[in-house]
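We name chains A, B, ... by the order of the sequence lines, and we start the count at 1 in each one. Because the structure is predicted, anything quoted here is derived from the model rather than measured.
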There are 2 protein chains.
Amino acid sequence: MIKNKIRRKELCNKIMSPREASMFVKDGMTVATSGFTPSGYPKAVPLEIAKRADEGEEIGITLITGASVGDELDGALTRSGVLKRRFPYQTNKYSRNGINDGEIAYQDMHLSHVPQFISYGFFGKIDVAIVEAIAITENGGIVPSTSVGISPQAIRYADKVIVEINTSQSMDLEGVHDIYMTENPPNRKVIPITSPGDRIGTTYIECDPNKIVAIVETDITDKVRPLGPIDGNSKLISQYIMEFFQWEVKNGRLPKNLLPLQSGVGSVANAVLGGLVDSNFNDLTCYTEVIQDSMFDLIDAGKVKVASGTSFTPSEEGLKRLNDNMGHYAKHCVLRPMEISNHPEVARRLGVIAMNTAIEVDIFGHVNSTNIMGSRLMNGIGGSGDFTRNGYLSIFTTVSSAKDGDISSIVPMVSHVDHTEHDIEVIVTERGLADLRGLSPKERARAIIDKCAHPDYKPMLLEYFQAAEKGRYKHQPHMIKEALSWHDRFLETGSMKLK
Amino acid sequence: MIKNKIRRKELCNKIMSPREASMFVKDGMTVATSGFTPSGYPKAVPLEIAKRADEGEEIGITLITGASVGDELDGALTRSGVLKRRFPYQTNKYSRNGINDGEIAYQDMHLSHVPQFISYGFFGKIDVAIVEAIAITENGGIVPSTSVGISPQAIRYADKVIVEINTSQSMDLEGVHDIYMTENPPNRKVIPITSPGDRIGTTYIECDPNKIVAIVETDITDKVRPLGPIDGNSKLISQYIMEFFQWEVKNGRLPKNLLPLQSGVGSVANAVLGGLVDSNFNDLTCYTEVIQDSMFDLIDAGKVKVASGTSFTPSEEGLKRLNDNMGHYAKHCVLRPMEISNHPEVARRLGVIAMNTAIEVDIFGHVNSTNIMGSRLMNGIGGSGDFTRNGYLSIFTTVSSAKDGDISSIVPMVSHVDHTEHDIEVIVTERGLADLRGLSPKERARAIIDKCAHPDYKPMLLEYFQAAEKGRYKHQPHMIKEALSWHDRFLETGSMKLK
């Protein structure tokens, strides 16, 4: 069945069962895999590793992926107790619980840092790479499936490589990838991308055939996640951003067709891009991580000619639409290694407009993207910092309150900082948009409270700020004793509101 | 006197007194100037602006510089009440007090963001540029003096340009500068630097001669700051870093001659580089902001062939040494626009080793570089974030306690975050070095407390951490009610110690 997908024929003698292949992964090893969002991650071999542990074998591993992956990897390995250490991002409820329960050691990393942590040796030796592919070329090159992520580095730096050929993935994916790798300093060269659609590499990942120890066949599908419907709040957020873009164009600070757009993962991010479908903007470009459903809409509407990312991240319906029309969408998309999709050099050169979601924002413009109430890990920072820090403009969105109004997303001081006051230009909630450019901390506080806060919390925020302003130091006035009191109140009473 | 320095002869009719030149600066204007650290900033014209205000004229301005500048600019304009708004960094005691008293609106910015904020129009219109120069070339190009900073953008984007020709500056500076400017996206090109010494531009800043409204003569010298002596703590910090470098070379994670070094401003940073003079490292390279005294030692010792920065920042003794041997040092140095010296693209490509100083660090590895006790601005973030986020390795140094032991520099939670847990690989104090690569937050806490904390505070830190670990969420365990209690105690009792 998969022999015709292995064009380098001598590699066919590496075909084996997932169970046999799984035996190359042993207790204590560091394993790097394909996968970015629940797309293109290995499935059959991880399930067998989990099964071995379930059957009583002592096995624990360190797992490095591109970003989040599906349940066959994070979920199964967590439930079986195999997952001991995890880099750099996750969204699976089992792994998240394992991390918050203190059972999995997790380092939450900027995604652009991960590939070079591998190539620099900062993670130590990579024992095994497990990568999903749709084919192996005549020269032994590995053709990825629906994502690229860290696969190029996993394959180059691992001692052994296991390939999962997934027959459920469309063969029309071949040609969509653009694989380019950097050397380590001092030998690193210029990345010659000057436009989002530029192709600078190969359509496969080079691999020393001698490193391939196993090839397995599977047809387990990507376990994509549903996208929430575009609700009223998301629509309002999107509208404020569209108005802001129009204002910037009018004032000559953005070209008529904007600049390359980056939009995070999830429903609000999908809605924000969705707002462009009905806008009067044309000839848009995208230089982002994930290509979600609304990107297909933008392509079909003729608004986007080329979208660059590292992963197709469709909803369940989007996956069907993608697979039914892969030839069409592949022509308008480039899937790059995440080192390149998230690269500071390229994000800054192209002038990416970064749009990401916050858990909470404080009155001075610091953003928490990762830890609820300071300690409870949600997903991770992902690539938000890569684009926020290096792009043209950084926009963070959040709904102004959560938990039926018991949490204000605008707080006196965030309980964890992922993006600082130095990094962010615009905050948007369903209440409005605060343009923070050129503002001092106190001016930012007034703008954020005025434009973005929920009305239930506005008076409390003003009261905090005005009391803090009476203190000795007025640059970024805080009352240290009170700064985190809203979080404390929530933890004690279940609400940030005063009783 | 300065006519022979104005090689484009028709510009000689723009020579006027500093007072006359100052009249181009009017109330409400935005003024962008040369200067980066107290080097190469305009002096004569700002003193006259201040004098006009002292004489009763109503005049307030927004001031944008490269970084900190000398007292003739920040100090004089603050004392006279002229300075109303300030970007992006400062160290002058008068301006710092003005900011902390709430009289000056200040936005603390990543230095690499400032040039593009000007070119994108995010600061609004730049009315006047005032730049110090040593000469004007035949084609009207402006030859900077001891720093470059934002001068290229100030000159290109300002309506009017005032040039201060400073006769106290060595004419041997000509040739040391390498001026290269980027275009705005979507027309931005690759910055073709692949080695710290690469020269890619001109030795002068292009300027439309019609924009030059005034040329003044001055001989006021740069008001450089003394560098503290290399004390015992700085020596210990430097030694730990040298040992770390040796370990990394031994393990193949750094080349024998390391990678381009960046070191922040000030005495500890100077001491760290100083440690390399007596080390067995050779053929070192530097890609940094400021060229301080120890760089001259490294050049004289033959350890550094080319140092790239945006400013000469010598001590008082260093300034004499520099001026007496400018021809010699200029051969081994390149002064670039700060857009290029701090550029994410170049820092990441070259693999800069970033070494910067922290005010405080928390047990999970977040760094406060700017605000003492959360609200009292010290200087600003400067370029530390540019290098930290995009370099090969980020090292932060701090002495483990301050204020005669009443402040611990290692705290449960920092009171302001400038660099997050995602950005930092190594923390060093005079007590030891914590290598945080690949560690989960809890592992980082144990390493930082064990290696870096002052013995007086170690038990208290452990107690906090162990109590927090008993909480519900164990990824990055905090007790929100207690997290900032050390700062609160200091503010109330004058010490973080328990009575």
If you count heavy-atom pairs within less than 4.5 Å of chain B, which of G124(A), S485(A), G252(A), S112(A) leads?
S112(A)
For the ring pair H416(B) and H366(A), is the centre-to-centre distance below 6.0 Å?
yes
For the residue pair H113(A) and D423(B), confirm or rule out a side-chain donor-acceptor distance under 3.5 Å.
no
Among the listed options R86(B), H422(B), R188(B), the residue most often paired with chain A at heavy-atom distances under 4.5 Å
H422(B)
Of A105(B), A468(B), P344(B), the largest count of non-hydrogen pairs under 4.5 angstrom with chain A goes to P344(B)
If you tally heavy-atom pairs under 4.5 Å against chain A, which of D101(B), T194(B), T62(B) wins?
D101(B)
Considering only heavy atoms, which portion of F87(A) lies under 4.5 Å from any heavy atom of chain B: side chain, backbone, both, or neither?
side chain
Interface check, chain A: of E469(B), R389(B), R472(B), most non-hydrogen pairs under 4.5 Å belong to R389(B)
Between H487(B), M373(B), R85(B), H478(B), which shows the greatest number of heavy-atom pairs under 4.5 Å with chain A?
R85(B)
Between H110(A), Q107(A), E492(A), who has the most heavy-atom pairs with chain B when the cutoff is under 4.5 Å?
H110(A)
Let's test your reading of the structure: which of E103(B), M109(B), H419(B), E421(B) forms the most heavy-atom pairs below 4.5 Å with chain A?
E421(B)
Using 30° and 60° as the class boundaries, would you call the ring planes of F122(A) and Y392(B) parallel, tilted or perpendicular?
perpendicular
Based on non-hydrogen pairs under 4.5 Å, which of V190(A), L377(A), T420(A) is most in contact with chain B?
V190(A)
Bottom line for E183(A): the part with an atom under 4.5 Å from chain B's heavy atoms is neither
Could you go through Y120(A) and E248(B), starting from their C-alpha distance and side-chain angles, then the distance that decides it, and tell me whether this counts as side-chain contact (heavy atoms from CB on, under 4.5 Å)?
CA-CA 10 Å; Y120(A) 295 169; E248(B) 290 300 293; over 6 Å; no
Out of R253(A), K481(A), K442(A), M479(A), return the one with the most heavy atom pairs under 4.5 angstrom to chain B.
K481(A)
E345(A) and salt bridge (charged side-chain N to carboxylate O under 4.0 Å, His left out): which single residue from R349(B), R348(B), K189(B) fits?
R349(B)
Sort out for me which of A483(A), G438(A), A347(A) touches chain B most, counting heavy-atom pairs under 4.5 Å.
G438(A)
Which atom pair, heavy atoms only, marks the closest approach of L484(B) to I480(A)?
O-CG2, 3.5 Å
Output yes when a side-chain donor or acceptor of S375(B) lies under 3.5 Å from a complementary backbone atom of Q476(A), and no otherwise.
yes
Rounded to the nearest 0.5 Å, what separates atom CD1 in I104(B) from atom NZ in K474(A)?
14.5 Å
What residue, out of I381(A), V346(A), D435(A), D386(A), has the most heavy-atom pairs lying under 4.5 Å from chain B?
I381(A)
Is there a side-chain contact between N390(A) and N390(B), using heavy atoms and a 4.5 Å cut-off?
yes
